[in-house]
Amino acid sequence: MKVLIIGGVAGGATAAARLRRLNEKAEIIVFEKSGYVSYANCGLPYYIGGIIENKKALTLQTPASFKKRFNIDVRVNSEVLSINPKERTLFIKDLQSGKTYTESYDKLILSPGAKAIKPALPGIDSDKIFTLRTVEDTFRIRECIERQKPSSAVVVGGGFIGLEMAENLIQEQIHTTLLQRSSQVMPPLDYDMACQLHAYLRSQGLDLRLNSPIASYEEMADGIKIHLKDGTALETDMVLLAIGVSPDTQLAKEAGLTLGAKDAIVVDEHLQTSDKDIYAVGDAIQVSHFVSGLEAVIPLAGPANKQGRIAADNICGRQSTYQGSQGSSIIKLFDMTCASTGLNEKTAQAAGIKYDKVINFSPSHATYYPGASDMTIKTLFDTETGRILGSQIVGFDGVDKRVDVLATAIRGGMTGYDLAELELAYAPPFSSAKDPVNMVGFVIENILEGRVKQYHWEEIKELPQDGSVTLLDVRTESEYREGALAGSINIPLDSLRENLHQIEKNKPVYINCYSGLRSYVACRILSELGYCCYNLSGGYGFYEYILYDKSFDDTARHGCGVKI
């Protein structure tokens with residue numbers, strides 16, 4: 001059996017190694033257009049920022065090591081020009097010698113990945129505008145920083161690469177502006193969760209400008225000028241373009257393979273394309289979203305590696321199936337961590353799924369043990385079954401542990417009731433006796449059983465100000481004086497029972513505290529006494545980030561951070 005693989009990163013490299021482990025006699029050839037194989041895409045920004053110092057650390061394998069360990073023929077600097085499915089051949093160009101040749105196959109695996117999106121704007125082809133996708137891109141950017149010593153840079157795009165690059169440029173003492181055309185960074189997050197990132201990034205020195213689409217670029221003798229669609233412009237020494245990626249599927253299209261969403265390659269559960277002898281994996285394929293069941297394109301390293309393994313299994317006669325992706329991801333931004341898994345509100349709404357949400361503030365470990373820090377956990381659940389649909393977490397410590405537990409819960413079809421029952425490892429340096437994941441389960445359980453009713457930040461503006469409802473703030477007097485909901489009265493929780501005469505029983509009571517915990521206790525007290533109560537999900541502290549983000553202006557942009 002002869003298997004050819006197009007693309008030697010993540011899915012392609014994994015497929016090659018798995019094929020060899022399952023079949024010692026197969027002839028396996030990998031074609032990689034760039035000069036490097038099996039390299040760490042996700043580590044590239046950290047080499048630019050100097051965190052990873054050794055170039056060799058970026059490459060997990062080399063053509064020589066692949067040959068020695070796996071007896072696999074890896075050909076770098078080799079561009080596949082076309083696929084002939086009828087003849088089962090590839091037409092290849094050696095980019096170093098310029099020679100072309102044909103190679104036949106019994107089975108073919110496509111792992112071409114994705115390409116950086118580069119919009120057709122005037123000036124976009126300036127050599128002062130960089131993209132980051134390959135090792136070669138990384139070296140070009142690092143060389144520019146070392147030789148030209150830029151004092152300023154603009155990152156365009158607030159996804160994973162854009163934010164990681166902004167962090168690393170700032171750590172290189174380069175004044176960095178990030179331009180985002182929409183109202184938030186990190187698309188996997190909902191806007192309300194992203195607001196915490198916005199505040200923190202600004203406090204770390206990032207000049208973050210939201211709702212700032214670009215009209216054109218203008219190269220200058222000593223830099224580049226960016227013209228925004230609102231008529232303003234800014235000058236900088238270099239630009240890093242990171243507005244997203246699109247599936248690199250031109251070869252597949254020309255070969256007549258069926259394409260789907262975003263021109264990604266359509267595959268079945270065995271990763272087989274519309275041609276029975278061709279498989280496809282990684283960033284170039286369309287998958288089923290594990291939670292919603294909808295078609296999706298999810299370019300992440302974890303799924304790509306699993307898909308490479310499954311494709312190899314099927315080629316070797318093992319009936320392996322891919323169950324879909326749920327988009328579990330995580331990012332480090334200075335000292336902050338942001339993670340998500342499953343559906344957010346945007347994707348749940350697009351899928352037509354009925355959901356509710358809870359927002360928890362929980363310490364990373366026991367508060368009496370030094371170093372505890374709060375994390376914000378937003379979790380979506382099915383309103384009928386309580387099944388966990390998705391979760392987003394922003395915090396400083398312990399985020400990775402909790403998002404992985406929640407990702408596992410989603411994969412297992414668990415509910416809020418199940419989260420409440422989980423027995424998780426506890427010691428004061430690591431967690432609390434009631435882990436933050438347990439707390440998510442407790443809150444969902446309370447909602448499902450009608451023990452507490454809640455209202456969300458986006459509903460605050462709809463609350464009547466005509467006296468027909470009572471807005472009750474149960475924080476301390478000093479907290480209340482620092483900022484509160486318009487029209488609210490302040491009765492601290494610990495003096496609530498003595499001041500019931502201030503709360504009319506025939507009116508709905510909308511209660512808030514800073515995090516939602518004290519107001520929940522107040523809700524229980526009043527509910528037991530016959531009041532109709534609603535608890536502000538996430539509390540005033542969560543709402544405060546949103547208020548700050550919506551009111552942010554140029555003065556705040558240049559140096560006014562918030563206390564996190």
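Remember, predicted model here, so these are calculated numbers, not experimental data.
Using a 4.0 Å cut-off between charged side-chain N and carboxylate O, D192 and K378 make a salt bridge. A salt bridge does not link K93 to E79: none of the charged nitrogens lies less than 4.0 Å from a carboxylate oxygen. D73 and K67 are not joined by a salt bridge, as no carboxylate oxygen comes within less than 4.0 angstrom of a charged side-chain nitrogen. Ion pairing between R88 and E103 fails under the 4.0 Å rule for side-chain N and carboxylate O. Between R387 and D418 no salt bridge is recorded (no basic side-chain N to carboxylate O distance below 4.0 Å). The pair D277-K107 meets the salt-bridge criterion, since a charged nitrogen lies less than 4.0 angstrom from a carboxylate oxygen. With salt bridges taken as basic N to acidic carboxylate O contacts below 4.0 Å, one links K357 and E345. Taking the charged nitrogens against the carboxylate oxygens, D435 and R402 do have a contact shorter than 4.0 Å, which makes a salt bridge.
Checking each of I214, V239, L241 against I124 for a side chain to side chain contact (heavy atoms under 4.5 Å, CB included) leaves exactly one that passes, namely L241.
A donor-acceptor pair is defined here as one N or O able to donate and one able to accept, closer than 3.5 Å; no such pair exists between the side chain of E32 and the backbone of S78. Although no hydrogens or angles enter the test, the distance criterion places no donor-acceptor pair under 3.5 Å between the side chain of K33 and the main chain of V80. Checking side-chain atoms of R18 against main-chain N and O of R21 turns up no donor-acceptor pair under 3.5 Å.
Applying the side chain to side chain donor-acceptor pair (under 3.5 Å) definition to pairs two or more places apart or across chains, those involving residues 178-188 are Q180-S182. Pairs engaging residues 46-73 under the ring-ring contact (aromatic ring centres under 6.0 Å, His included) rule: Y47-F139, F66-F70 [sequence neighbours left out].
By the neighbour-count criterion of 12 heavy atoms within 6.0 Å, atom CD of E146 is densely surrounded, having more than that number from other residues, nucleotides or ligands. Atom NZ of K332 has more than 12 neighbouring heavy atoms from other residues, nucleotides or ligands inside a 6.0 Å radius. Within 6.0 Å of atom CD in E421, 12 or fewer heavy atoms from other residues, nucleotides or ligands are found, so the atom counts as exposed in its surroundings.
Minimum interatomic distance between L448 and T383 (heavy atoms only, all atoms of both residues): CD2-O, 3.7 Å.
Between F31 and Y101, the angle of the ring planes lies from 30° to 60°, which puts this pair in the tilted group.
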Acceptor/donor pairs from residues 291-301 side chains to any protein atom, 3.5 angstrom cut, sequence neighbours excluded:
unit_1 : atom_1 : unit_2 : atom_2 : d
S292   : OG     : L294   : N      : 3.2

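Residues Y200 and F396 place their aromatic rings such that the two centres sit under 6.0 Å apart.
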